[in-house]
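Only heavy atoms go into these numbers, but all of them, side chains included; no hydrogens, no water, no symmetry mates. Lettering follows sequence order; numbering is per chain, from 1. Nothing here was measured: the structure is a model prediction, and the numbers come from that model.
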Number of protein chains: 2
Amino acid sequence: MTAKTQTRPGGRSARVQASVHAAVEKLQHAMPRDAVTIPAIAEEAGVTPSTIYRRWGDLRELFADVAIQRLRPDSPPADTGGARSDLEAWTDQYAEEMASGPGRKMIQDVLISQGEDGKASACCDITRAQLELLAERARGRGEAFPCVDDVLDQVVAPIIYRILYDQPLDESRWRRFIARLFEEIADKG
Amino acid sequence: MTAKTQTRPGGRSARVQASVHAAVEKLQHAMPRDAVTIPAIAEEAGVTPSTIYRRWGDLRELFADVAIQRLRPDSPPADTGGARSDLEAWTDQYAEEMASGPGRKMIQDVLISQGEDGKASACCDITRAQLELLAERARGRGEAFPCVDDVLDQVVAPIIYRILYDQPLDESRWRRFIARLFEEIADKG
DNA sequence: AACACTAAAGCAAATTTTTTGCGTTAGTGC
DNA sequence: GCACTAACGCAAAAAATTTGCTTTAGTGTT
């Protein structure tokens, strides 16, 4: 996952990674974001700056790395008993989380990095996986559920887009988008 | 617009801004992006680094500034004779432009900056203005046109979202999204 | 047209960050 | 336990950013 944790001679990632990540999170709370420098993180983490430079390259990559870990949901989406209300509940929580100060920072951190590898798409995949879970749960109940890509495009995308462009959506609006998707699959059924 | 171009004693922006912008664009073409440094830009532009630092703060702000100017469309959207085909044509061009290498960089540059001011929302506003133009044109012809916010949320947002997350949409998909919006307003009419 | 006023730009020194070479240490597989 | 490899620490060198002060160029007024 973090690339070098595999079984190869010489690897030593776990400890350093943990303390650096912790240092980043601590400093991000303690001071304005642009004041968080690599030398400062290094000192807080008890490692040398060069370690961080060599391992992450720059602040952006490091921040993105931390952000992705925070994005990873710690619990599966709530089960409210019905497909549509499941999706609504998930969306409400997702939107709130993303619109929050830290949430926006995370999105930006991930997008900004996009150095070469697909760190950004990894982040999107996490969301998709959550939705797949909801879809599967619905299927298990014999309920209809919109295509996951459609949910991404018509519900998640506008939420993120508006957050990025500083004009957050309100709940009634994404509720409407969800309603549309369910209407559409109802027509076909 | 660029803040200091107003009528105030002491202003001197125009010349420096022009040469710095030009230098940025030239260097961005000539070398990998991370190799473009402020000192290099300063030399190319024939100004002192400190001038750039004081005026823009850092590379991100400067890049965003340049990107926004490039985003500003130089011609109004094509007139294809009908509201729906106008929107389709505009969307095709927009998506292509944004999905291109330089387009993606621009999006990122703008989003990354988001220092304090609403540079990002300015960028969204440019898109909105284009859509308003299409809507007005349709109105002039007596044709129905979807709500601009709906177009932003259901057509533009997924295009940008997918580009950011490195999984670009294909044409048939946004065509479908456009179709949905037109169906919806047809139902109400 | 000259004058006063203000903010931007130049310059250079001080500071901080980033890069780099090399020796050391810790984790892996045999 | 042994050999091997990559990550880390350390320190010097290079590059970047910041900062105080001076000079220069626009603006508005008389």
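- Spacing between atom CD1 of B:Ile52 and atom P of D:dT18 amounts to 13 Å, rounded to whole angstrom units.
- With hydrogens and angles disregarded, a donor-acceptor distance shorter than 3.5 Å links the side chain of B:Arg137 to the backbone of B:Pro77.
- To the nearest angstrom, P of D:dT17 lies 13 Å from CG of A:Leu59.
- Rounded to an integer number of Å, the gap from B:Arg60 CZ to D:dT17 P is 11 Å.
- A distance-only check finds no donor-acceptor pair linking the side chain of B:Glu171 to the backbone of B:Asp92 [under 3.5 Å].
- In this structure, the CD atom of A:Glu61 is 14 Å from the P atom of C:dT18, given to the nearest Å.
- The separation between B:Asp58 atom CG and D:dT18 atom P is 8 Å, rounded to whole Å.
- Side chains of B:Gln167 and A:Arg128: a donor on one and an acceptor on the other come within 3.5 Å.
- Side-chain N/O atoms of B:Arg15 and base N/O atoms of D:dG26 include no donor-acceptor pair closer than 3.5 Å.
- Ion pair A:Arg173/B:Asp150 flagged as a salt bridge, since at least one NZ, NE, NH1 or NH2 atom sits closer than 4.0 Å to an Asp/Glu carboxylate oxygen.
- Remark: A:Thr37, A:Ile38, A:Pro39 in residues 36-43 of chain A come within less than 4.0 Å of DNA chain C through at least one heavy atom.
- One can place CZ of A:Arg54 at 9 Å from P of C:dG21, the figure rounded to the nearest angstrom.
- Between A:Ala35 and B:Gly46, it is B:Gly46 whose nearest contact on DNA chain C lies nearer the 5' terminus.
- Classified by interplanar angle (parallel below 30°, tilted 30° to 60°, perpendicular above 60°), the ring pair B:Tyr161/B:Tyr165 is tilted.
- A distance-only check finds no donor-acceptor pair linking the side chain of A:Thr48 to the backbone of A:Thr51 [under 3.5 Å].
- Residue side chain B:Ser50 reaches the base of C:dC11 through a donor-acceptor N/O pair under 3.5 Å, judged by distance alone.
- In this entry the distance linking OH of A:Tyr53 with C1' of C:dG21 reads 17 Å, nearest Å.
- The environment of A:Glu132 atom CD is dense: over 12 non-hydrogen atoms of other residues, nucleotides or ligands sit within 6.0 angstrom.
- The side chain of B:Thr48 places an N or O atom within less than 4.0 Å of a non-bridging phosphate oxygen (OP1 or OP2) of C:dG10.
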